[in-house]
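Structure record follows, encoded as structure tokens.
Below, chains carry the letters A, B, ... as their sequence lines are ordered, and counting in each starts from 1. These figures come from a predicted structure and were not determined experimentally.
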Protein chains: 2
Amino acid sequence: MVRKPTSKETARKPNMREAILAAAEELFATNGFNAVSVRDIAQAAGANPGSVTYHFKTKDGLLLEIYRRHCGPMNLRRSELLAAARRVRDLQDRLEAVVRAYVVPAFTSGSDLAGGGARFTRLRAVMSAEGNEVARKIIAQTFDDTSHAFIDAIHDSLPHIPRTDIVWRSHFLLGALYYSLVTPDRVSRLSRGEADGSDAASAIEQLVQATVAAFQAPALDQAAPVRRRPVVSSKT
Amino acid sequence: MVRKPTSKETARKPNMREAILAAAEELFATNGFNAVSVRDIAQAAGANPGSVTYHFKTKDGLLLEIYRRHCGPMNLRRSELLAAARRVRDLQDRLEAVVRAYVVPAFTSGSDLAGGGARFTRLRAVMSAEGNEVARKIIAQTFDDTSHAFIDAIHDSLPHIPRTDIVWRSHFLLGALYYSLVTPDRVSRLSRGEADGSDAASAIEQLVQATVAAFQAPALDQAAPVRRRPVVSSKT
DNA sequence: ATGTGATTTGTACTATCGTACAAAAGATCA
DNA sequence: TGATCTTTTGTACGATAGTACAAATCACAT
């Protein structure tokens with residue numbers, strides 16, 4: 001219903017570039033990068049294989065563009081929610097708000113893309129599992145800042161827990177988050193149909209509740225495990 | 001396949017069949033199924049591509065054999081540890097013992113294969129992410145019984161928590177477990193070198209501690225999906 | 001030593017991969 | 001309308017995929 005002054009700016013046809021991106025996102029997220037061919041993507045998008053080359057040059061370029069499309073909005077959303085969470089006074093409530101600020105944007109759309117949040121997060125999970133190089137580079141330089149910000153925020157809410165423990169637990173959080181998006185059917189199956197693993201709202205509430213409790217667990221005093229010393233070397 | 005009384009049945013050379021299995025396991029676990037070619041595997045094993053066909057017929061057959069090799073021992077080990085855990089009197093201690101019985105065999109070898117436990121579990125994580133069909137079938141018919149047994153055992157230790165919540169939380173546990181094996185370097189990076197993500201002992205202790213706390217979290221009463229109510233000041 | 005069955009090798013076949021590129025089609029504006 | 005730019009199509013090429021199969025090799029009982 002948007003009026004069109006001149007019908008020049010957008011193709012009247014359903015934008016093929018977008019269709020290819022959406023199809024690739026879906027296929028990569030469910031089957032992995034190498035299992036999906038450029039021809040598969042083109043067919044799913046109702047396009048010609050050559051069209052993919054025209055718009056994105058290479059298959060890697062297509063993946064890169066998917067990341068570019070989502071990373072900005074999602075991290076922006078996370079920053080906003082994190083800033084709001086940091087202003088919560090009560091420490092217990094703040095911890096939950098921080099965790100929620102991390103989890104919610106991963107499940108819901110970070111931009112105008114319909115339901116793109118969960119799909120993109122699932123894509124990230126799969127690329128991570130496959131050790132995809134293109135993804136690894138983008139992740140390290142795009143998400144590590146965000147991760148540190150969240151770890152710091154959580155640490156502020158739990159000053160008595162060593163940072164190392166916070167890192168481990170936030171790592172577990174991301175793993176649980178990823179896995180919830182990768183195989184939601186497993187939840188439905190193991191609960192004998194009593195839970196719907198693909199229901200984002202349930203997943204978020206369950207994940208937040210469980211994770212807050214995990215963060216609040218007592219610290220692991222490393223004293224006992226005398227085995228190997230905790231790596232004194234420099235960074236890396 | 002017919003066994004002979006004489007000592008001729010096994011190859012005297014460093015068993016090439018084993019070498020191929022080990023190489024495939026490693027490559028699949030780190031790069032995914034489709035990213036690895038039969039030629040890659042053969043080269044890593046110091047074998048000829050045709051040798052893979054001879055021993056395993058197809059690439060899927062090779063993956064199938066990897067699963068067959070590990071599933072039995074790992075589930076046996078888990079059953080033993082679970083049975084022992086169930087005999088722990090104290091409910092709190094029993095919960096931890098049950099979680100440990102689930103986690104430990106995934107990190108350590110379930111058979112005589114050196115360090116094969118973690119590698120195989122990582123393989124499972126990657127196949128799960130890729131939605132591999134061969135793996136999905138085996139998993140559903142091999143691990144679901146074990147998963148139900150663990151869920152029941154945990155539920156026994158936490159009778160006041162709805163089974164649905166237990167299922168979600170055990171799902172998160174598996175996701176965290178998988179992710180710890182998939183990208184251990186992320187832990188090292190985010191902790192700025194203070195933690196070693198690839199140290200199995202640390203991973204186990206951290207995971208057990210965090211997971212026990214997550215299971216002990218209060219139940220999510222699904223009664224009213226009320227507004228996002230950040231627990232105003234109910235208890236404090 | 002020699003025969004025999006179990007393995008390993010080398011090679012070849014077909015299918016499909018990612019990508020390139022010229023031609024066709026469509027859109028925009030003088 | 002025709003000129004020009006953007007997008008789509010169709011096709012082709014070289015590389016590599018999984019797999020098959022005959023020949024060569026090996027280990028060992030005789």
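- More than 12 heavy atoms of other residues, nucleotides or ligands sit less than 6.0 Å from atom CD of A:Glu80.
- Here OG of A:Ser51 is found 9.0 Å from CZ of A:Phe56. Values are rounded to the nearest 0.5 Å.
- Minimum interatomic distance between A:Phe150 and A:Leu82 (heavy atoms only, all atoms of both residues): CE2-CD1, 3.8 Å.
- Under the salt bridge (Lys or Arg N to Asp or Glu O under 4.0 Å) test applied with B:Asp144, the options A:Arg192, A:Arg186, A:Arg189 reduce to a single match, A:Arg189.
- Separation of atoms CZ (B:Arg69) and CG (B:Leu64) is listed at 12.5 Å; rounding is to 0.5 Å.
- In this structure, A:Asn48 reaches the D:dG10 phosphate: one of its side-chain N or O atoms is under 4.0 Å from OP1 or OP2.
- Closest to the side chain of A:Lys59, out of C:dG18, D:dT8, D:dT9, is C:dG18.
- In this structure, CG of A:Asn15 is placed 11 Å from C1' of D:dT7, rounded to the nearest angstrom.
- Residue B:Ile20 contributes atom CD1, which lies 10 Å from atom C1' of C:dT7 at whole-angstrom precision.
- Listed pair B:Tyr54 / C:dT8 fails the phosphate criterion, with no side-chain N or O lying under 4.0 Å from OP1 or OP2.
- Distance B:Met16 CE to D:dT25 P: 16 Å, rounded to the nearest Å.
- For the segment residues 32-40 of chain B, the set of residues with a heavy atom within less than 4.0 Å of an atom of DNA chain C comprises B:Arg39, in numerical order.
- In the set D:dA20, D:dT8, C:dA20, D:dA20 carries the atom at the smallest distance from any side-chain atom of B:Thr53.
- Distance A:Gln43 CD to D:dG10 C1': 16 Å, rounded to the nearest Å.
- Between C:dT8 and B:His55, a contact under 4.0 Å exists linking OP1 or OP2 to a side-chain N or O.
- Comparing C:dA6, C:dT19, C:dA20 against the side chain of A:Lys57 picks out C:dA20 as the nearest.
- Residue B:Ile41 contributes atom CD1, which lies 11 Å from atom P of D:dA17 at whole-angstrom precision.
- If you measure from atom CZ of A:Phe56 to atom P of D:dT6, you get 17 Å, rounded to the nearest angstrom.
- Between B:Ser51 and A:Thr58, it is B:Ser51 whose nearest contact on DNA chain C lies nearer the 5' terminus.
- When the P atom of C:dG18 is taken as reference, atom CG of A:Leu27 falls 12 Å away, rounded to whole Å.
- Panel note: side chain B:Ser170, backbone B:Val167; a donor-acceptor pair is recorded below 3.5 Å.
- B:Leu123 contributes atom CG, which lies 11.0 Å from atom CG of B:Leu27 (distance to the nearest 0.5 angstrom).
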